[in-house]
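Worksheet: one structure, shown below.
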Amino acid sequence: MRRLIVLLAALATVLGTARLGLWQLDRAAQKVALQQDLERQRALPALSAAELPAAGGTSTAAVVHRAVRLSGRWRDDATVFLENRQMNGVPGFFVLTPLALDDGRLVLVQRGWTPRDPADRTRIAAPPAPQGRVEVAGRVAADPARLYEFAPAASAAGAIRQNLAVMDYARERGLPLLPLVVVQEEGPTPPDDGLRRQWAAPSADVHKHYGYAFQWFALSALVLGLYVWFQLFRPRIRRSRAPLAGAVANRDDGA
C-alpha cells in the first residue's frame, strides 16, 4: 500500500510540474505572437484622423499600436495629469490633453511626461499646451497604462488622477472623445513644449517564461529521478548485496 501511495504522489507531482512547464511555454508563445503582431501594426502606414474608429464603430483593437499623424488644436482646459508615473527611474506625471480635430471630434493625446515637484506633489511645472494649430505624430493605444489602486482616489475628478478611462472621462466632461489614446512621439520635428517622450518600448519578456518553464521541467525530472532511485534502483541494490553479506557472516562464524 505504501509503495502505491508513493507511486501516485510521484506521478501526480511529475505530471503537475510538467503541465506547469508546458503552460509557461504556451504563455511565451502567446507573448511572441503579440510582439509579432505589434511589430506588424507599427510597420503599417500611418493612420489619418479620418481612419480612426469612432465611439461605437470599428473596434479600437484593430488600430492599436498603429502609427498616426494628426493635426488640430489643443484643448488645454481639459488637460489631465496621471501621477506616480516614472520615466528613466524618476517619478512624475503623464500629461494628457485632448486634441480638437478638424471634424470637431477630440482625441486624447498622451503628450509627454513631466517630473514631480519633490516638495509638493500637487505643484505641476508643466508648461501649457502650445497655442494654434499643431501636428502630432504618435501611436494608438486603447487607454493610458493603469496603476493598481486600492480605492478610488480623492482627486478622481480633478486634474491630477491615478488612472483614467477615456470613455468615462468623455462622459464626465461631456467631450466627444474617440475611444482611444494617441501616445505622442518626437516625430521628425520634436515639439518644443518642455515634455519628455522617452517611452519604454513594449517588451514581450518571454525569457521570464522560458526560465519558469525550465524550473518546472527540472523539478519534474528531479522528482522522477528520486522516485526511480529510491523505489527501484536502491531496493534492487540492497537485495543484490544481501546474499553477499550473508555469505561473509557465515564464513566469519565458521572461522
Do the side chain of [X] and the main chain of [Y] share a donor and acceptor less than 3.5 angstrom apart?
| X | Y | value |
| --- | --- | --- |
| Asp143 | Val166 | yes |
| Trp216 | Gln24 | no |
| Gln41 | Ala62 | yes |
| Glu51 | Ser48 | yes |
| Arg66 | Ala141 | no |

Is the shortest side-chain N to carboxylate O distance from Glu135 to Arg73 below 4.0 Å?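 So Glu135 does not pair with Arg73 through a salt bridge.
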Electrostatic pair Arg133-Asp102, nearest N-O below 4.0 angstrom: yes
Is it true that [X] and [Y] fall in one hydrophobic cluster, defined by side-chain heavy atoms closer than 4.5 Å?
| X | Y | value |
| --- | --- | --- |
| Val181 | Leu38 | no |
| Leu8 | Val223 | no |
| Val206 | Tyr212 | no |
| Trp229 | Leu224 | yes |
| Leu164 | Trp199 | yes |

Quick check: closest heavy atoms across [X] and [Y], and the distance to 0.1 Å?
| X | Y | result |
| --- | --- | --- |
| Val68 | Arg139 | CG1-N, 4.0 Å |
| Ala18 | Phe217 | O-CE2, 3.4 Å |
| Val63 | Pro53 | CG2-CD, 3.8 Å |
| Val140 | Leu47 | CG2-CD1, 4.4 Å |
| Arg69 | Ala46 | CG-CB, 4.1 Å |
| Ala49 | Leu101 | CB-CD1, 4.0 Å |

Do the side chains of [Y] and [X] get nearer than 4.5 Å, heavy atoms only?
| X | Y | value |
| --- | --- | --- |
| Arg161 | Glu83 | no |
| Ile160 | Leu82 | no |
| Asp117 | Ile124 | no |
| Leu222 | Leu226 | yes |
| Pro144 | Leu96 | yes |
| Val32 | Gln35 | no |
| Arg75 | Leu175 | yes |
| Phe93 | Val80 | no |

Which salt bridge (charged side-chain N to carboxylate O under 4.0 Å, His left out) pairs, counting each pair once, include a residue from residues 40-50, with sequence neighbours left out? Asp37-Arg40, Arg42-Glu185
Which salt bridge (charged side-chain N to carboxylate O under 4.0 Å, His left out) pairs, counting each pair once, include a residue from residues 208-223, with sequence neighbours left out?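 Every salt bridge (charged side-chain N to carboxylate O under 4.0 Å, His left out) pair that includes a residue of residues 208-223, provided the two are not neighbours, is Asp205-Lys208.
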Please tabulate, for side-chain N and O atoms in residues 109-116, each donor-acceptor pair with protein atoms closer than 3.5 Å (sequence neighbours left out).
| from | atom 1 | to | atom 2 | distance (Å) |
| --- | --- | --- | --- | --- |
| Arg111 | NH1 | Thr97 | OG1 | 3.1 |
| Trp113 | NE1 | Arg85 | O | 3.1 |

Mind running side-chain contact (heavy atoms from CB on, under 4.5 Å) on Leu22 and Arg19 for me, showing each step along the way? CA-CA 5 Å; Leu22 292 174; Arg19 181 67 186 87; 4.1 Å; yes
Got a second to check how far Tyr227's OH is from Leu232's CG, nearest 0.5 Å? 5.5 Å
Leu20 CG to Leu219 CG distance, which is reported to the nearest 0.5 Å: 9.5 Å
When you look at Leu25 and Tyr210, which way does the side-chain contact (heavy atoms from CB on, under 4.5 Å) test go after all the steps? CA-CA 6 Å; Leu25 291 180; Tyr210 289 142; 3.8 Å; yes
Determine, step by step, whether Leu99 and Leu106 satisfy the side-chain contact (heavy atoms from CB on, under 4.5 Å) criterion, reporting the C-alpha distance in whole Å, the side-chain angles of both residues, the deciding distance to 0.1 Å, and the verdict. CA-CA 5 Å; Leu99 179 71; Leu106 279 77; over 6 Å; no
I'd like to know whether Gln86 forms a side-chain contact (heavy atoms from CB on, under 4.5 Å) with Val90, so could you lay out the CA-CA distance, the side-chain angles of the two residues, the decisive distance to 0.1 Å, and finally the verdict. CA-CA 5 Å; Gln86 293 194 3; Val90 179; over 6 Å; no
